[in-house]
Amino acid sequence: AKGVENCSYELIARMDSDDIAFPDRCEKQLKIFTEKPQLAIVGGTIAEFSDSIEKIISYRVLPEHHDDIINFTKVRNPFNHPSVMFRRDVIINYGNYNSVYKACEDYELWFRVLKGGEKGYNIQEPVLYFRDGGQLIKRRKDKKNYHFYIMLKKKMYNDNFINWMDLQISVGIQRFFYYSPEFIQKFIYRYLLRKR
């Protein structure tokens, strides 16, 4: 949140310190913003790797167009956080990141922005190499992170963004991941929720 506040440029591109952006990442995203000035957020596909970028484990490809992104948001995070470029003024206007939600503060922010009527887009090509250190599985098994996720889903329900059935499905899926063994989680993430 502090970084967004202190930045003076109209567009902000973010990534994590241990990830590697493709050389043309910003060029591709700037091109999309130029062609579609109505957009507030532009994300992209990430290539997940462990030891070396020559050894890609999988790709996380998310819905491309806005209507599909909205529907996806009801179930899962609609943007790969390290890949996003967004309009600073829009993020500030919607209250910036909310640290109350900690591990899912990006998901909560996208929810507020999209619910407010802003538009999003995901480039269907890889724009960033994402280092997979097994942190995603660890976060799913963390009791506090589980609590924050459920809290966000209840907020979506109370704001009429999702219905009662959507809430039960989301909570049920999260509960399954929280209690299931790691080898099952790894299989689902690698082979069912990712492209290889």
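- Put simply, the side chain of Lys102 does not reach to within 4.5 Å of the side chain of Asn145, judged on heavy atoms.
- For the ring-ring contact (aromatic ring centres under 6.0 Å, His included) condition, the pairs that include at least one residue of residues 74-93, sequence neighbours left out, are Phe79-Trp110, His81-Tyr97, His81-Trp110.
- Using a 4.5 Å heavy-atom threshold, the side chains of Lys119 and Lys36 count as separate.
- No continuous path of ILVMFWY side-chain contacts below 4.5 Å connects Val84 to Tyr9, so the two sit in separate hydrophobic clusters.
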Practice prompt. Could you please spell out the steps behind the side-chain contact (heavy atoms from CB on, under 4.5 Å) verdict for Arg131 and Asp19?
Written response: CA-CA 6 Å; Arg131 191 180 302 276; Asp19 299 331; 4.0 Å; yes
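- Looking only at side-chain heavy atoms (C-beta outward), Thr73 and Tyr107 come within less than 4.5 Å of each other.
- Here Glu54 pairs with nothing under the salt bridge (Lys or Arg N to Asp or Glu O under 4.0 Å) rule; sequence neighbours left out.
- Looking at heavy atoms from C-beta onward, Glu48 lies in side-chain contact with Phe130 at the 4.5 angstrom threshold.
- Other residues, nucleotides and ligands contribute more than 12 heavy atoms inside 6.0 Å of the CD atom of Gln38.
- Under the 4.0 Å criterion applied to side-chain N and carboxylate O atoms, Arg112 and Glu108 are assigned as salt-bridge partners.
- Tyr121 and His65 have perpendicular rings, their planes meeting at more than 60° on a 0 to 90° scale where under 30° would count as parallel.
- Thr45 has its side chain out of reach of Arg60: every pair of non-hydrogen atoms, C-beta onward, lies at least 4.5 Å apart.
- Heavy-atom contacts from other residues, nucleotides or ligands closer than 6.0 Å to NZ of Lys155 number more than 12.
- Side-chain atoms of Pro82 and Arg14, non-hydrogen and from C-beta on, do get closer than 4.5 Å to each other.
- The shortest side-chain heavy-atom distance between Met85 and Leu30 falls under the 4.5 Å cut-off.
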